[in-house]
Amino acid sequence: MQAPPLSEEEKAMPAFLQNVRQRPLFKNPRGLEIMCDAYNITSHSSLLSQPSIDRNDLYKTLRYNQNQLWARESVRRGIEQAKARLYDNALKCYKHALEIEPRFKDAFVARGAAYVHMDLLEDGVAEFRTALELDPSDQNARLYLNAALERIQQRDSSTQQGSDEKNDD
């Protein structure tokens with residue numbers, strides 16, 4: 001039995017592929033099955049190399065992703081509470097998020113914002129700084145930090161002016 005003539009595409013193939021077409025096993029209808037048996041390849045196997053996966057790493061990755069998701073959900077609930085001006089409830093949600101994922105930057109930013117709304121400006125500044133330590137490129141934390149520092153400066157200057165006016169009397 002002779003191989004069918006090569007098409008133009010096949011003529012352009014590398015010599016290796018042309019060589020394979022000339023082999024008797026390639027022409028055999030059971031050729032693939034014979035080659036799979038020879039190389040211990042089962043019908044449900046893959047010829048792609050499979051990287052070895054450490055089950056511990058898989059567990060850690062899955063756990064990390066779950067914690068991120070749960071922490072994000074807790075922060076989302078906290079933000080809803082903060083929008084309703086229920087800051088104590090919001091703080092509980094942010095605390096819960098940080099118990100789940102202690103380095104969850106968004107929880108620090110949201111908690112800082114709640115503190116600022118409660119007029120606990122120094123506490124808010126500390127939260128924004130923690131968020132920026134975790135992610136120095138976080139623009140939200142930087143904007144909130146600058147706004148809180150500006151409010152502290154305004155408060156301190158108005159307090160200073162008030163005490164100066166009392167001293168003048």
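Just so it is clear, the model here is predicted, and its values are computed rather than measured.
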Is the closest side-chain heavy-atom distance between Tyr115 and Val125 below 4.5 Å? no
For Leu143, side chain to side chain contact (heavy atoms under 4.5 Å, CB included) partners two or more places apart: none
Salt bridge (charged side-chain N to carboxylate O under 4.0 Å, His left out) filter on Arg85, not counting sequence neighbours, yields none
Restricting to salt bridge (charged side-chain N to carboxylate O under 4.0 Å, His left out), what partner residues turn up for Asp135, sequence neighbours left out? Lys105
Residues clustering with Leu62 (ILVMFWY side chains joined when closer than 4.5 Å, directly or via others): none
Could you pull out every donor-acceptor pair under 3.5 Å between side chains of residues 145-154 and any protein atom, sequence neighbours left out?
unit_1	atom_1	unit_2	atom_2	d
Asn146	ND2	Arg142	O	3.3
Arg151	NH2	Asp119	OD1	3.2

Shortest non-hydrogen contact from Gly124 toward Val116: CA-CG2, 4.2 Å
Here the side-chain hydrogen bond (donor to acceptor under 3.5 Å, both in side chains) pairs for residues 120-131, sequence neighbours left out, are Arg111-Glu127, Glu122-Arg155
Testing the basics here: between Ser74 and Cys93, what is the closest heavy-atom pair and its distance to 0.1 Å? OG-O, 2.7 Å
Heavy-atom distance under 4.5 Å between the side chains of Phe108 and Leu98, does that happen here? yes
Who pairs with Glu73 by side-chain hydrogen bond (donor to acceptor under 3.5 Å, both in side chains), at least two apart in sequence or on another chain? Arg76
According to side-chain hydrogen bond (donor to acceptor under 3.5 Å, both in side chains), who are the partners of Gln81, at least two apart in sequence or on a separate chain? Asn89
Taken in chain and number order and not counting sequence neighbours, the residues that satisfy side-chain hydrogen bond (donor to acceptor under 3.5 Å, both in side chains) with Glu133 are none
Check Val109 against Ala131 and note the closest heavy-atom contact, atom names and distance. CG2-CB, 3.5 Å
Under the ring pair (Phe, Tyr, Trp, His ring centres under 6.0 Å) definition, can you give me all pairs with a residue in residues 54-99, not counting sequence neighbours? Tyr87-His117
Between CG of Leu91 and NZ of Lys95, what distance do you get to the nearest 0.5 Å? 10.5 Å
With sequence neighbours left out, which residue pairs that include part of residues 124-148 fulfil the ring pair (Phe, Tyr, Trp, His ring centres under 6.0 Å) condition? Phe128-Tyr144
Decide yes or no on side-chain contact (heavy atoms from CB on, under 4.5 Å) for Arg63 and Asn67, but give the supporting numbers first. CA-CA 6 Å; Arg63 174 51 90 198; Asn67 287 351; 3.5 Å; yes
Side chain to side chain contact (heavy atoms under 4.5 Å, CB included) against Ala126, all qualifying residues, sequence neighbours excluded: none
Flag side-chain contact, heavy atom, 4.5 Å: Ile100 against Gln66: no
